[in-house]
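Okay, structure first, notes after.
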Amino acid sequence: MTPGGRSLGDRALLVDAAAVGLISVAICLFSQRLAAMSVIVPAVIAGRLLLWLRLPRAERDLDGKAELVFFALCTLLGAFNDWNSVTRHRVYDYTVPTDLPGLSHLPIWMLLFWGLILRFVLTVFHWRRVGLPRARKGLGRGGAALRVAFLLGLVVATRQAIYRLYDHPLLSWLPFAMALVALLLVLRPDRGRLRLLAVVLAVGPAVEILYIQVGQLHAYRLGWLGGVPVWIALWWGLAALIWDDLGSRIMDLIEHALSAPRSLSARS
């Protein structure tokens, strides 16, 4: 059991890793085939949910209802962020067919895939073999609200910066570097999280390079790292640490909200 935190077993990690891997292979082979991807991605996600929910509760970090709610929220957050960056602000471009012409520059299957991506990040952080302690609730002498405000402030600041400076050779990535340094100095993550940060900084951009070079999925400006810009490489690490903290808090809120009606029924 992860000390003071959520714990997730090997089989749950394997299910999520297999789902991400299958969709990644499909992107490399069929990204330009809208009909095929529109079937493959929902089918893999549905299979993932069925397999994951059949695991013993001790293997999972959420019960069934909470997982469904959380996965839906992951999908909404991930899809909106990508849609906002691509369709509204044109920070980068998808180079695959879309089934939402006039509404979205990326297809529904990619919007759905974001739910699995965000969920997989927390799956890795909650994997019991990593053994991470629960992130601190507060920030120094401040409470949880101050910590959450700090994290959200980093998200808002970096997103607003990239919407305006995505094509600048220096200012496109400098705010992300500053935000990552600020997070490390203020929150002082434990050694386990620092190791995971190093993994994410390497693996996240590497997967995107695969999607760009082999799958022809999307295209960035200033793609100096095999098609990936420096700001995206930094964003992978920054976003992973932020999502580890905020995502776990959201899990707590969902479980509390779902258990409240049962508590009221028991009292009555």
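Hydrogens, waters and symmetry mates play no part in the numbers below; they use all other heavy atoms, side chains included.
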Quiz item: Between the side chain of W83 and the main-chain N/O of L103, is any donor-acceptor distance below 3.5 Å?
Solution: yes
Self-check item: Sequence-distant partners of E67, side chain to side chain donor-acceptor pair (under 3.5 Å), two or more places apart
Solution: R48, R119
Quiz prompt | Test of ring centre spacing under 6.0 Å for H218 and Y94 | solution = yes
Quiz prompt | Under 3.5 Å side-chain donor-acceptor pair for R221 and S172 | solution = no
Quiz item: Can you check whether L13's main-chain N or O pairs, donor with acceptor, with T123's side chain at less than 3.5 Å?
Solution: no
Quiz prompt | Point-to-point distance, once rounded to the nearest 0.5 Å, from CG of D63 to CZ of F70 | solution = 13.0 Å
Exercise. Verify the distance criterion only: is there a donor paired with an acceptor across the side chains of Q216 and Y211 at less than 3.5 Å?
Key: no
Quiz item: Is R134 paired with D252 through a side-chain N to carboxylate O contact shorter than 4.0 Å?
Solution: yes
Exercise. Could you note down all residue pairs passing ring pair (Phe, Tyr, Trp, His ring centres under 6.0 Å) where residues 23-50 supplies at least one of them, sequence neighbours left out?
Key: none
Quiz item: With a 4.5 Å limit on heavy-atom distance, are the side chains of F113 and L118 in contact?
Solution: no
Quiz item: Within a strict 4.5 Å, meaning less than it, do heavy atoms of the E59 and R128 side chains meet?
Solution: yes
Quiz item: Less than 4.0 Å between a side-chain N and a carboxylate O, is that true for R90 and D93?
Solution: yes
Quiz item: Can you name the closest pair of heavy atoms from F71 and L116 and give their distance?
Solution: CZ-N, 3.8 Å
Quiz item: For the side chain of R33 and the backbone of A35, is there at least one donor-acceptor N/O pair under 3.5 Å apart?
Solution: no
Quiz item: R191: what forms a salt bridge (charged side-chain N to carboxylate O under 4.0 Å, His left out) with it, not counting sequence neighbours?
Solution: none
Exercise. For D10, check side chain to side chain donor-acceptor pair (under 3.5 Å) against everything at least two apart and list the hits.
Key: W127, R129
Quiz item: Quick one: do F80 and L73 end up in the same hydrophobic cluster if we chain Ile, Leu, Val, Met, Phe, Trp and Tyr together by side-chain heavy atoms under 4.5 Å apart?
Solution: yes
If you look only at distance, which donor and acceptor atoms sit under 3.5 Å apart when one is on a side chain in residues 174-184 and the other is two or more places apart or in another chain?
none

Self-check item: R6 with E255: basic N within carboxylate O range, under 4.0 Å
Solution: yes
Quiz item: So, T158 side chain and V155 main chain: donor-acceptor pair closer than 3.5 Å or not?
Solution: yes
Quiz item: So, are R193 and D190 salt-bridged, with charged N and O less than 4.0 Å apart?
Solution: yes
Practice problem: Please report the shortest heavy-atom distance between M37 and A26, naming the atom on each side. | Solution: SD-O, 3.6 Å
Quiz item: When rounded to the nearest 0.5 angstrom, what is the spacing between NE2 in H89 and CD in Q160?
Solution: 6.5 Å
Quiz item: Got a sec, which residues hit salt bridge (charged side-chain N to carboxylate O under 4.0 Å, His left out) with R147, two or more places apart in sequence or on another chain?
Solution: D245
